[in-house]
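Some notes on the structure that comes next.
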Amino acid sequence: MIIVKLPNGQEQTVVEAKDGFELTTKVDPKRELGVIVFEFDGELFDLSTSLDSLAEATSTTPNADRPESIAITLVSAASEKGREVLRHSTAHVMAQAVLELWPGAKFAIGPSIADGFYYDFALPNAARFSDDDLEIIEKKMRGIIKSNQRFTRQECTIEEGKVLFADQPFKLEIIDRVEQASGDDIDIAEGVSSKGISTYRNTETFVDLCRGPHVPSTSRLGHFRLMRVAGAYWRGDEKRDQLQRLYGTAWESKQALEEYLARLIEAERRDHRKLGVDLDLFHFPPEIGSGLPVFHPKGALVRHLMEDFSKKSHLASGYQLAWTPHLAKSTLFEISGHLEWYKDGMYPPMEMEGATYYPKPMNCPMHILIYKSRQRSYRELPLRLFEFGTVYRFERSGVLHGLARVRGLTQDDAHIFCSPSQLGDELTRLLTFVVSLLRMFGLDDFEAELATRPEKSVGDDKEWEEATQALEYALVNSGIPFVVAKGEGAFYAPKIDVHLKDAIKRRWQVSTLQVDLQLPQRFDMEFVDSDNTRKRPYMIHRALFGSVERFFAILLEHYAGALPTWLSPVQFVVLPVKETNDDYANLVNTKLAAIGGRSIVVSATEPLGARIRRSKLDKVPYILVVGDRDEPAGTIGVNRRDSQSPDTDVALEDFLSLVESEIAPNLVGGPN
RNA sequence: GCCCGGGUAGCUCAGUCGGUAGAGCAGCUCACUCGUAAUGAGCAGGUCAGGAGUUCGAAUCUCCUCUCGGGCUCCA
């Protein structure tokens, strides 16, 4: 007896079926459900897999009776698991096409990834793919798909595998690696385990090392597109060969493919680098250097609003301001350990009057010096020092990305010094502060990562354990969903990274909270406790925006440039219908300014429609039209950014009281 | 840093076979005085990213450099 769960959620019972094909045919004779693989006991299998063998495999003893019933879930192409399979299968077809087009090409690995797949190749004679090749490969792939080739699974021993892939060095390396490793299932994803090798063969000439499963035949594929060619290091190791990686996307239907391509266009529309130019916010002058932006008046105003809001919220939450310079002598970074651990990321030194100066890559050492400027009492703790600190990091040229990854960045940086017993509560309080501040920017879909000790790190295990526990305590207390990222911590501290999802569900890392037990030691920090003994404070590093530049980019992309009113550089545009309405327009403008609004008047030197269009393109929240009709009545026409049709004859005073709460933010944080 | 692809007016782009550069928008001037997403005319705007080479002649072909985009690696 087989209990079958269909992709549409229904359940059916089937008395007997020898394999997935037969089962599918019985429950879906017209093949309307698009079943490509099935799931049993949490694992996916080819439809050709014998159900008898599965049933036997689940018996606890070899001779026991077979279980009375087994549960099978049929997986359609139009599900997350199904798409993974079909993308993986499409990757295989791509490899087959490349190997046919470039005889002698070596192929490495080709997994499915979010929204698509890739495959890595090394072409003969160090040849390289060009963008034009994508079209040729796509054509070949369509031929393979049309010829309806079956994906046939074959299992063999490691020795047989070595013969089969004798001319494929990357495949051999995968096999060798498993053979040499003591563990059981290391490379199972690539079709090799200590038990043997699984392969999939489509034709006499094309066979790939692979765990599977796959779609039954190539005819189930077809809604795909090759996207781009890129370089990728073999095994992700930059000391090894750089292979050519081809990226593609694949979907269960033409419609799904088109929706995906539309999403890419939507993301492009939101690209902060494009919006930065269109809205006249910032740019990267080549004369200054890569990764070093300048902010134009409108962009600088938005920055100011962000920073001002943040600064006031911090002051209202028990932080004190600090200000520190951009350069320091090498001694400081020797003590802090930056020169030992992080030199590659620092700008090169400058020599002056016999001393060596470095631009600072972080603010923490300087904040520590403020702490150490005099003896500290337990009564002062927690001591919270906050600064918009501009730091310089030598990011490699290839990683720069608009405002999201720059070489000169401003952190909304604070360091909290507290006693060991205060740590847990301070972290909880901090997380609450983080979330409420981010919410004020209209972001409310968070997930945290608790990053634990990496291999390359300093300090003893007990301290790491203690700090990690304090972070976890805070996460649990604050109720933010989190996952543990093992070994992803900083070299000196475990951390919480807060990620958020933007309006089109993209994940961005923003805030980071780190518990540092190293720097207090390195700087020999202390406080006098209530029992008159000297103790070492704990230290928390934290940045909520992460960097102002990066956060700016995230906001722009989240809002597609249409920033909330309180952050909009221009909140109101007042448009007199005719020049004779200028006086009234100016009056409206003055009243808006009086409640703190940022408003401009654009006189009637152009037709009204043109001026409205321009303001709409500038994404101004409110366009206010005033004409002959309004002047005697004390009204305005209100054209909202998010609306197609205007509200006319709105009483000015009503409008003013309506928008007053919208033009400035509410502070986050309360009395300490 | 590495791989692939770009760089032509402020922006978006055209430029054929190598014969010395073009459009729309934006800008400026003038006219138009307008009720909810583009008024009209005129003007101006270029070391075709920079440098070197091939050629009688280079935006166009070759090489180098800079820079941007997509990836890889990296992100204390």
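Just so we're on the same page: letters track the sequence lines, and every chain starts at 1. This structure is a prediction, so every number in the text was calculated from the model and none was measured.
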Requested in this report: Measure from CG on L279(A) to C1' on A26(B) and round the result to the nearest Å.
Outcome: 15 Å

**Report entry** Touch class at under 4.0 angstrom, heavy-atom based, for Y118(A) against every strand present
**Finding:** nothing

Query raised in the report: When the distance from CD of E579(A) to C1' of C34(B) is rounded to whole Å, what number comes out?
Result: 11 Å

Requested in this report: Please work out if A232(A) contacts a base, only the sugar-phosphate, or nothing of the nucleic acid, heavy-atom cut-off 4.0 Å.
Outcome: sugar-phosphate

Report task. Give one of base, sugar-phosphate or nothing for T605(A), where a contact means two heavy atoms less than 4.0 Å apart. Result -> base

Query raised in the report: Using a cut-off of 4.0 Å on non-hydrogen atoms, how would the nucleic acid contact of P286(A) be classed: base, sugar-phosphate, or nothing?
Result: nothing

**Report entry** Whole-Å C1' distance, C32(B) and A41(B)
**Finding:** 11 Å

Query raised in the report: So what does D344(A) hit on the nucleic acid, given a heavy-atom distance under 4.0 Å: a base, only sugar-phosphate, or nothing?
Result: nothing

Report task. Answer with base, sugar-phosphate or nothing: what part of the nucleic acid does R396(A) contact at a heavy-atom distance below 4.0 Å? Result -> base

Query raised in the report: Looking only at side chains, do D502(A) and W508(A) share a donor and an acceptor under 3.5 Å apart?
Result: yes

Query raised in the report: Roughly how far apart, to the nearest Å, are A14(B) and G53(B) at atom C1'?
Result: 28 Å

Query raised in the report: Taking atom CG of L134(A) and atom CE of M141(A), what is their separation to the nearest 0.5 Å?
Result: 10.5 Å

Report task. Starting from the C-alpha separation in whole Å, work towards a yes-or-no answer on side-chain contact (heavy atoms from CB on, under 4.5 Å) for R536(A) and Q521(A). Result -> CA-CA 8 Å; R536(A) 182 139 294 160; Q521(A) 266 174 43; 3.4 Å; yes

Query raised in the report: Just checking G398(A): base, sugar-phosphate only, or nothing, at a heavy-atom cut-off of under 4.0 Å?
Result: base

Report task. Kindly say whether A585(A) contributes a backbone atom to a donor-acceptor pair with the side chain of N589(A) at under 3.5 angstrom? Result -> no

Report summary line: The Watson-Crick or G-U wobble partner of G24(B), with both key distances under 3.5 Å, is C11(B)

Query raised in the report: Does Y233(A) get its side chain close enough to the base of G1(B), under 3.5 Å, for a donor-acceptor pair?
Result: yes

Query - Nucleotide U73(B), atom C1' - distance to CG of D120(A) in whole Å - result: 13 Å

Requested in this report: Check whether any side-chain N or O of R87(A) sits under 3.5 Å from a backbone N or O of A250(A) as a donor-acceptor pair, and report yes or no.
Outcome: yes

Query raised in the report: Any idea which of G5(B), U39(B), U36(B) is nearest the A610(A) side chain?
Result: U39(B)

Query raised in the report: For R614(A) and G27(B), is the shortest distance between a side-chain N/O and OP1 or OP2 below 4.0 Å?
Result: yes

Show me the side-chain donor-acceptor pairs of residues 643-650 of chain A shorter than 3.5 Å, one per line, residues at least two apart or across chains.
residue	atom	partner	partner atom	Å
S643(A)	OG	S645(A)	N	3.3
S643(A)	OG	S645(A)	O	2.7
D649(A)	OD1	R629(A)	NE	3.4

Report summary line: By the Watson-Crick or G-U definition, both distances under 3.5 Å, C61(B) is matched with G53(B)

Query raised in the report: Is any N or O donor-acceptor pair between the side chain of R405(A) and the base of C74(B) shorter than 3.5 Å?
Result: yes

Report task. Starting from P on G70(B), measure out to CZ on R128(A) and report it in whole angstrom. Result -> 21 Å

Report task. Can you tell me the distance, in whole Å, between the CG atom of L134(A) and the P atom of C3(B)? Result -> 18 Å

Query raised in the report: Checking only heavy atoms, does the side chain of D628(A) share a donor-acceptor pair with the base of G35(B) at less than 3.5 Å?
Result: no

Query raised in the report: For Y247(A), which contact category applies under a 4.0 Å heavy-atom criterion: base, sugar-phosphate, or nothing?
Result: sugar-phosphate

**Report entry** Residue whose closest nucleotide on RNA chain B lies nearer the 5' end, E606(A) versus R273(A)
**Finding:** E606(A)

Report task. Taking only the side-chain nitrogens and oxygens of S645(A), find out if one of them lies under 4.0 Å from OP1 or OP2 of U36(B). Result -> no

**Report entry** From U33(B), U67(B), C74(B), nucleotide with atom closest to V399(A) side chain
**Finding:** C74(B)

Query raised in the report: So what does G637(A) touch, heavy atoms closer than 4.0 Å: a base, only the sugar-phosphate, or nothing?
Result: base

Query raised in the report: Is there a donor and acceptor pair, one atom on the side chain of R613(A) and one on the base of U36(B), closer than 3.5 Å?
Result: no

Query raised in the report: Is atom CZ of R641(A) surrounded by more than 12 heavy atoms (other residues, nucleotides or ligands) closer than 6.0 Å?
Result: yes

Query raised in the report: Expressed in angstrom and rounded to an integer, what is the separation of I623(A) atom CD1 from U36(B) atom C1'?
Result: 8 Å

**Report entry** Nearest-nucleotide comparison on RNA chain B, the residue closer to the 5′ end among Q244(A) and Y492(A)
**Finding:** Q244(A)

Requested in this report: Identify whether any heavy atom of A604(A) sits under 4.0 Å from a base atom; if not, whether one sits that close to sugar-phosphate; answer base, sugar-phosphate or nothing.
Outcome: base

Requested in this report: Would you please name every residue forming a salt bridge (charged side-chain N to carboxylate O under 4.0 Å, His left out) with R228(A), sequence neighbours left out?
Outcome: none

**Report entry** Presence of H401(A) side-chain N/O under 4.0 Å of G70(B) phosphate oxygens OP1/OP2
**Finding:** yes

Report summary line: Of A37(B), C4(B), G35(B), the nucleotide closest to the side chain of R629(A) is G35(B)

Requested in this report: For G1(B), take OP1 and OP2 only and decide whether either is under 4.0 Å from a side-chain N or O of S397(A).
Outcome: yes

Requested in this report: Find the distance L400(A):CG to C72(B):P and express it as a whole number of Å.
Outcome: 15 Å

Query raised in the report: Roughly, in whole Å, what's the span from CG in L246(A) to C1' in G5(B)?
Result: 14 Å

Report summary line: By the Watson-Crick or G-U definition, both distances under 3.5 Å, G5(B) is matched with C68(B)

Report summary line: Picking from G71(B), U33(B), G5(B), the nucleotide nearest the side-chain atoms of K578(A) would be U33(B)

Report task. Would you indicate which nucleotide in U73(B), C72(B), U36(B) comes nearest to any side-chain atom of E238(A)? Result -> U73(B)

